[in-house]
Amino acid sequence: MVWNEKAECMSRDDLNELQLKKLQDVVKKAYENVPYYNKKFQNMGIFPEDIQSLEDIQKLPFTTKDDLRQVYPFGMFAVPKKDIIEVHTSSGTTGKPVVSGYTREDLDLWAEVMARGLTMMGVDDEDIIQNTHGYGLFTGGFGVHYGAQKIGSTVIPISTGQTRRQIEIMTDFGTTVMIFTPSYGLYLSEVAEEEGFDPENSQLKAIGFGAEMWTNEMRKEIEKRFGAPAFNIYGLTEIMGPGVAIECKEQNGLHVFEDHFYPEIIDTNTSQNLDAGNAGELVLTNLSRIGMPIIRFITKDITSLRYEKCDCGRSLVKMDRITGRSDDMLKVKGVAVFPSQIEKALLKIDGIEPHYQIIVTRPHNLDEMEVKVETSESLFSDEIKEMVAIRKKIANFIENEIGIRVNITLVEPKSLPRSEGKAVRVIDKRNMY
Ligand code: DLL
């Protein structure tokens, strides 16, 4: 159990004082050690000593995913490369990914916040945690792993896939805590049912799920099928990984670990800060990170913050579950996909029009993506062989761009709906919003 009462139940005044001190420190370090921030601050005429109150954070520039990509791979590091002992990258392979670097202290911090989150869910050193998140460049596997080990629970680092084996291990090892993405959880539950798993007699006491959007209906379904409460885990590679905010036993919002991550909500159109309770885009600042402190990162995730006392005793602000994104990013099979990547792939192929439609479905709780593509008159032929070849080519090009295989349907020229405003490029039938 990692119950940091001092940090988690602090009075708002004490917390704000701590946050200001850390913010001043982090801004100074970014200014002095990260050429990107140094230049940006100078261009705006803002200097570390201008940060005299927490509100002054609003004077600082935002950081976007594109900014991070431009300094690929290591341009955001604030320490010599030899001090970075682990790297991860954002999911999806759109152009260049975002690289996240961690020093020894950063990994300890990651373990601490994840451990505090797992503790909120009721996990302790008696528990056996089956971690189905991928171990690799994705932050899900390692982040949860570090947190679980910090608590002293037993981790089963099974990673994603081998679904039948997952159920066998869960039963044989007496797993008490499952960690999965909601979509993988639902798929696992189907297989579990086929294998005769009985939620009434399950040893599971908690489920941690996150990394993608879900609805209350999905949570209820997961809880029913596994016979255990499910808690929301939020995070993102750019800021750290899972463990930025996690839900407590109350299951009514996620506590943001505000002593390490400073949250703001901004209006999507004006980029102005919004008062508590209003929904907008979440912006996060690293307060404690050494290797790669990110300032005012626009997550594009839509949520709102509630500064209220929680029955669990924690005073940390509560964030509502993410209900949407301000951009068109989709998570398909846990991987971030932008429609623009599909367009980019299609534009590389002769004889293909850049008119396309993406249809995402979830048959049997597994994500599937179909891309309907218009061919040019000259290519639209009756020659099956040619059509098969072009479909394969398109699928390969798209896979190269986004990292996952999709189904391609070729359609006649001018058959996809044209729009006068924003084209409807994506039809998401998964009902997640
Ligand atoms: O998904 C980190 C993570 C791993 C979180 C395991 C929870 C569990 P990325 O791949 O960089 O990192 O994707 C970050 O995923 O900006 C959100 O859009 C979405 N996301 C993450 N957690 C949630 C959640 C990991 N609980 C992006 N609910 C974020 C809704 C989520 N969306």
Side-chain angles (χ1 to χ4, degrees), residues 63-65 68-69 87-94 97-100 102 110 113-114 117-118 120-121 129 131-148 157 159-160 177-185 207-216 218-219 222 230-248 251 253-257 261 263 279 281-284 292 294 297-304 318-338 367 402-404 428 430 432-433:
T63 306
T64 65
K65 221 179 178 56
L68 298 184
R69 273 200 206 111
V87 287
H88 287 273
T89 68
S90 54
S91 64
T93 52
T94 153
V98 170
V99 178
S100 201
Y102 308 76
W110 196 8
V113 285
M114 248 333 290
L118 289 168
M120 279 186 200
M121 295 164 36
I129 304 189
N131 184 11
T132 79
H133 284 323
Y135 281 67
L137 287 172
F138 178 52
T139 52
F142 281 94
V144 170
H145 190 93
Y146 294 146
S159 208
T160 317
V177 179
M178 284 298 284
I179 305 285
F180 45 56
T181 60
S183 52
Y184 189 55
I207 291 165
F209 72 144
E212 64 183 11
M213 245 179 293
W214 50 270
T215 57
N216 280 326
M218 275 171 85
R219 161 147 56 194
I222 286 172
F231 302 94
N232 196 357
I233 300 179
Y234 173 81
L236 61 164
T237 316
E238 290 85 351
I239 292 294
M240 182 133 275
V244 171
I246 297 185
E247 223 173 15
C248 66
Q251 289 187 304
L254 304 90
H255 289 287
V256 181
F257 294 110
F261 313 106
E281 282 179 52
L282 177 68
V283 171
L284 289 167
M292 200 176 104
I294 300 296
F297 181 70
I298 304 191
T299 65
K300 305 249 176 201
D301 291 321
I302 306 291
T303 181
S304 56
K318 272 180 158 178
M319 174 181 115
D320 286 319
R321 99 183 143 79
I322 308 291
T323 50
R325 288 196 46 97
S326 65
D327 62 6
D328 49 8
M329 185 184 98
L330 295 160
K331 271 207 159 179
V332 181
K333 297 180 180 165
V335 173
V337 175
F338 289 91
D367 285 349
I402 65 173
I404 50 176
D428 196 335
R430 293 174 297 180
M432 282 201 298
Y433 306 101

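For ligands, and for the atoms within them, numbers begin at 1 and follow the listed sequence. Numbers here are sequence positions counted from 1.
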Under a 4.0 Å heavy-atom limit, does Arg321 contact ligand 1 with its side chain, its backbone, both, or neither? neither
Which atoms of ligand 1 are found less than 4.0 Å from any heavy atom of Gly210? 7 (C), 8 (C), 26 (N)
At what distance is the nearest protein heavy atom to atom 32 (N) of ligand 1, and which residue and atom is it? Glu212 C, 3.5 Å
Those atoms of ligand 1 less than 4.0 Å from some heavy atom in Met213: 30 (C), 32 (N)
Check against side chain to side chain contact (heavy atoms under 4.5 Å, CB included), Thr139 and Tyr102: CA-CA 12 Å; Thr139 52; Tyr102 308 76; 3.7 Å; yes
Which of the ligand 1 atoms, numbered from 1, are nearer than 4.0 Å to a heavy atom of Gly140: 4 (C), 6 (C)
Side-chain heavy-atom pair Leu118, Ile129 within 4.5 angstrom cut-off: yes
Check whether any side-chain heavy atom of Met213 lies under 4.5 Å from a side-chain heavy atom of Lys331, and answer yes or no. no
Show the numbers, then the answer: is there a salt bridge (Lys or Arg N to Asp or Glu O under 4.0 Å) between Arg219 and Glu247? CA-CA 13 Å; Arg219 161 147 56 194; Glu247 223 173 15; 2.7 Å; yes
Report yes if Leu236 has an N/O atom closer than 3.5 Å to an N/O atom of ligand 1; otherwise report no. no
Protein residue, atom and distance nearest to atom 29 (C) of ligand 1, heavy-atom basis: Asp301 OD2, 3.2 Å
Is His133 touching ligand 1 with its side chain, its backbone, both, or neither, if touching means heavy atoms under 4.0 Å apart? side chain
Is it the side chain (CB and beyond), the backbone, both or neither of Asn232 that lies under 4.0 Å from ligand 1, heavy atoms counted? side chain
For Arg325, the atoms of ligand 1 under 4.0 Å from one of its heavy atoms are 16 (O), 18 (O)
Test item: Leu68 and Ile294 side chains (from C-beta on) under 4.5 Å apart, heavy atoms: yes
Have a look at Gly235, Gly141, Gly208 and point out the one with the heavy atom closest to atom 21 (C) of ligand 1. Gly235
Mind checking whether His88 and Trp110 have parallel, tilted or perpendicular rings, split at 30° and 60°? perpendicular
Please report whether ligand 1 has a polar contact with Ala211, defined as an N or O pair separated by less than 3.5 Å (distance criterion only). yes
Would Arg321 pass as a cation-pi partner of Trp214, given that its NZ or CZ must be under 6.0 Å from the six-membered ring centre and within 45 degrees of the axis? yes
Within-4.5 Å side-chain heavy-atom neighbours: Met120 and His255: yes
So, regarding Lys331 and ligand 1 (criterion: nitrogen or oxygen to nitrogen or oxygen, under 3.5 Å), is there a contact or not? yes
When you measure from the side chain of Ser90 to the backbone of Thr237, do you find a donor-acceptor pair of N or O atoms at a distance under 3.5 Å? no
I need the contact type for Thr237 against ligand 1. Using non-hydrogen atoms and a strict under-4.0 Å cut-off, is it side chain, backbone, both or neither? both
